[in-house]
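For reference, the structure is listed below as structure tokens.
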There are 2 protein chains.
Amino acid sequence: MAKTREDEATRLDEAARAGWLYYVAGNTQDQIASKLGISRQAAQRLVSHSVAAGLVRVRIDHPIAACLERAESLKARYGLKYCEVVPSDPASASTILGVAEACAVEMERRLRRDEPTILAVGTGRTLRAAVEHLPPMACTQHRIVSLTGNIAPDGSASVYNVIYSMADQVKAPHYPMPLPVVVSTPRERELLHRQKVVELTLQLAAKAEVTFVGVGEVSARAPLVVDGFITADEREDLDRQGAVGEIVGWVYDSAGRLIDCRFNERVASAPIPPTSRGDVIAAAMGPAKTPAIRAAATGGLINGLITDEATAHRLLD
Amino acid sequence: MAKTREDEATRLDEAARAGWLYYVAGNTQDQIASKLGISRQAAQRLVSHSVAAGLVRVRIDHPIAACLERAESLKARYGLKYCEVVPSDPASASTILGVAEACAVEMERRLRRDEPTILAVGTGRTLRAAVEHLPPMACTQHRIVSLTGNIAPDGSASVYNVIYSMADQVKAPHYPMPLPVVVSTPRERELLHRQKVVELTLQLAAKAEVTFVGVGEVSARAPLVVDGFITADEREDLDRQGAVGEIVGWVYDSAGRLIDCRFNERVASAPIPPTSRGDVIAAAMGPAKTPAIRAAATGGLINGLITDEATAHRLLD
DNA sequence: TCCGCCATTGAATAATTGCTCAAACGAGAG
DNA sequence: CTCTCGTTTGAGCAATTATTCAATGGCGGA
């Protein structure tokens with residue numbers, strides 16, 4: 001029963017070997033089986049294991065024309081500095097597929113640079129998925145700073161904890177924010193923001209050359225509600241005030257203006273957009289998020305966007 | 001005939017899209033066909049085109065990947081039939097770590113076969129360590145034969161006694177060579193080789209389907225000297241004649257040619273490579289042994305190699 | 001306009017891969 | 001030592017992918 005670490009590591013080694021022989025060297029599973037002295041099924045299991053374990057990374061080196069066109073149109077329409085559109089899979093209802101990979105590629109591109117850079121990251125399922133696609137790197141020259149607290153309403157500290165996974169994967173110094181995402185009162189926020197550590201982190205975030213964020217909608221099924229950052233009543237209230245979207249907690253209307261309300265006064269995240277006016281890149285897709293994305297782009301809360309073809313199409317309508 | 005640039009670009013776009021849907025989104029070619037409104041074969045052709053055009057990049061995120069690549073390069077460079085590269089442990093200066101285990105694995109793989117096989121083994125610390133990693137087996141169908149004498153210069157019979165440990169561990173009939181490794185004169189060698197038992201063993205060794213050997217360097221700290229098979233003076237003499245390495249006693253130069261000298265005339269081991277032209281697999285690693293390994297591979301003394309990543313790197317420089 | 005060349009197409013088929021399931025195996029409890 | 005339970009194994013089969021081949025049709029040249 002108790003699997004030793006060693007067993008598991010050996011299995012991964014074998015899986016990686018099989019995966020390499022299959023995907024890189026182009027062997028058939030039969031060939032792999034005979035080379036490794038195992039049965040074809042065992043080879044198949046290893047190959048499939050190597051994929052399941054995330055050892056195999058596939059990427060397509062080609063900006064597909066249609067996507068490129070849409071990306072150019074989006075840049076023109078919303079005055080974006082950066083835009084990436086990935087092909088849609090019409091049959092999938094995923095709000096992550098493709099965008100996460102593309103976001104990871106862009107993150108990697110930034111991290112590959114030699115000049116020390118400050119990267120700020122928000123939170124959310126999309127970013128979470130994105131950092132999982134980052135390859136292991138050694139980027140000690142950069143600093144990664146969190147835009148938002150890492151403490152959930154229930155007091156736990158693990159909600160979509162993007163910054164830790166990212167920093168761990170790319171071996172960069174990181175600056176999390178030991179704060180709740182939403183505090184109880186404006187006064188409490190002020191006190192917490194005065195803490196030395198928090199102050200430093202906020203300063204760093206404000207200087208970030210590039211910022212990666214997710215975009216949330218403000219509906220009954222929004223993460224904001226599901227994850228308990230806000231009650232159903234509060235949400236309806238925001239709805240009445242014209243809220244359409246949310247970035248690291250900051251709620252805004254269809255023009256991309258932060259809403260002047262009690263809720264935003266309690267959000268403890270770093271300001272969006274940061275004062276530095278660096279790149280602020282949102283990764284988001286899906287019909288539900290479309291109005292929130294459009295508003296954020298319109299109001300200049302973001303100046304970069306990674307989305308999919310279908311969402312791009314809706315944004316251009 | 002004349003393909004327009006535009007046609008080709010469109011085709012690539014489509015190929016990239018199909019490749020993306022296939023490799024990234026995980027669709028089957030049938031699904032892609034219906035989504036793109038083309039036939040299944042057309043989808044297949046697009047996917048295959050996307051690979052052929054180099055649009056699809058696969059990479060394996062695992063240390064093993066680098067090893068497999070190096071192994072392939074080594075096979076190509078030195079025309080080896082078999083090559084295994086194990087990860088290096090940068091923290092260790094061991095000249096055995098990893099290679100012994102890998103050698104044991106390969107031995108085991110050969111021994112697991114049902115068809116009766118003749119395995120020849122040399123001697124040395126590396127092979128010694130390898131057989132210690134063999135699991136207990138019952139391989140009565142195979143025969144294990146020693147390439148070299150088991151009598152040390154001091155008359156003892158226990159020097160790195162690989163064949164006995166191996167045969168004992170895997171329960172196989174075995175044929176040691178009751179000879180010194182190096183005799184006094186060419187004449188003495190001739191006499192000893194005429195003995196019935198020795199003759200039989202040599203014949204068996206010549207027919208071996210697979211031969212496992214270690215590789216020794218010819219320096220002042222070489223096993224050859226340390227274990228007293230050769231005097232310091234003799235070694236210096238060999239040095240002057242261009243000796244860089246040694247396999248079961250046979251001394252060769254940097255091109256992998258056996259050196260025509262007094263010493264080689266007194267070596268009582270079976271010839272290397274064996275006349276059967278079976279697999280001759282060397283297990284060796286480390287900076288000191290690198291020139292010896294390179295020479296053996298270059299000159300065709302061996303056609304299989306088990307080494308570590310760092311040594312592989314040096315061999316490819 | 002007609003001809004012939006050759007790239008493209010889809011049907012048929014071969015090869016490969018993925019899945020299911022019963023049997024064998026092995027660790028650990030009794 | 002034996003039993004049990006969960007895991008691993010490989011055979012058989014279904015699904016998917018790759019290749020072959022004859023038919024089609026577009027295009028340039030006569």
Side-chain angles (χ1 to χ4, degrees), chain A residues 1-58 60 65 87 89-92 97, chain B residues 1-58 60 68 105 108-109 111-115 134-139:
Chain A
M1 158 85 18
K3 210 55 72 58
T4 71
R5 172 178 311 278
E6 202 177 314
D7 283 348
E8 195 52 33
T10 310
R11 186 163 156 66
L12 263 187
D13 285 356
E14 288 300 306
R17 181 179 302 264
W20 189 89
L21 288 166
Y22 188 67
Y23 289 105
V24 181
N27 288 276
T28 70
Q29 296 180 352
D30 259 325
Q31 293 174 297
I32 296 170
S34 66
K35 279 179 191 175
L36 266 44
I38 55 182
S39 73
R40 192 187 62 74
Q41 289 91 331
Q44 198 277 326
R45 284 185 186 110
L46 281 181
V47 170
S48 126
H49 185 64
S50 75
V51 177
L55 264 38
V56 179
R57 289 295 156 71
V58 182
I60 307 282
D89 179 358
S92 164
L97 190 71
Chain B
M1 161 78 21
K3 210 55 73 53
T4 71
R5 173 180 311 278
E6 202 176 312
D7 282 349
E8 194 53 34
T10 310
R11 186 162 155 66
L12 265 186
D13 286 353
E14 289 301 305
R17 180 178 301 265
W20 190 89
L21 288 166
Y22 188 66
Y23 289 107
V24 182
N27 288 275
T28 70
Q29 296 179 352
D30 260 328
Q31 294 173 294
I32 295 170
S34 64
K35 279 173 194 174
L36 298 185
I38 56 180
S39 75
R40 195 183 61 68
Q41 289 93 329
Q44 199 279 323
R45 284 184 186 111
L46 281 181
V47 171
S48 122
H49 185 63
S50 74
V51 177
L55 265 38
V56 179
R57 290 290 163 74
V58 183
I60 308 280
L68 288 162
V105 166
E108 186 183 342
R109 198 169 73 80
L111 290 166
R112 289 253 177 252
R113 297 185 185 170
D114 287 332
E115 316 87 80
L134 281 175
M137 301 173 72
C139 304

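Each chain gets a letter, A, B and so on, in the order the sequences are listed, and its residues count up from 1.
Contacts with DNA chain C (heavy atom under 4.0 Å) in residues 28-43 of chain B: B/Ser39, B/Gln41, listed by number.
Residues meeting the side-chain contact (heavy atoms from CB on, under 4.5 Å) test with B/Ala16, sequence neighbours left out: A/Ile60, A/His62, A/Ile64, B/Leu55. Residues meeting the side-chain contact (heavy atoms from CB on, under 4.5 Å) test with B/Glu108, sequence neighbours left out: B/Arg112, B/Leu134, B/Pro135, B/Met137. A search for side chain to side chain donor-acceptor pair (under 3.5 Å) contacts involving A/Arg17 returns B/Glu84, not counting sequence neighbours. Remark: B/Val105 pairs with no residue by the side-chain contact (heavy atoms from CB on, under 4.5 Å) rule, at least two apart or across chains. In this structure A/Arg57 satisfies the salt bridge (charged side-chain N to carboxylate O under 4.0 Å, His left out) test together with B/Asp61, sequence neighbours excluded. Every residue two or more places apart in sequence or in another chain that forms a side-chain contact (heavy atoms from CB on, under 4.5 Å) with B/Val58 is listed here: A/Tyr23, A/Val56, A/Val58, B/Val56.
In this structure, B/Gln44 CD and B/Ile32 CD1 are separated by 10.0 Å, a value rounded to the nearest 0.5 Å.
Computed from C1' positions of five pairs at each end, the angle between the two local axes of the helix from C/dT1-D/dA30 to C/dG30-D/dC1 equals 20°, rounded to 10 degrees.
Donor-acceptor pairing under 3.5 Å, judged by distance alone, is present between the side chain of B/Arg45 and the base of C/dG10.
Rounded to whole Å, the distance from CD on A/Gln44 to P on D/dA14 is 17 Å. Note: CG (A/Leu46) to P (C/dG18) measures 12 Å, nearest angstrom. Atom CD of B/Glu14 is separated from atom P of C/dT9 by 12 Å (rounded to the nearest Å). Atom CG of A/Asn27 and atom P of D/dA18 are 15 Å apart (whole Å).
Look at B/Tyr22 and you won't find any side-chain N or O under 4.0 angstrom from OP1 or OP2 of D/dT16.
Listed by first and then second residue, the side chain to side chain donor-acceptor pair (under 3.5 Å) pairs that reach into residues 34-43 of chain B are A/Asp89-B/Lys35, B/Asn27-B/Lys35, sequence neighbours excluded.
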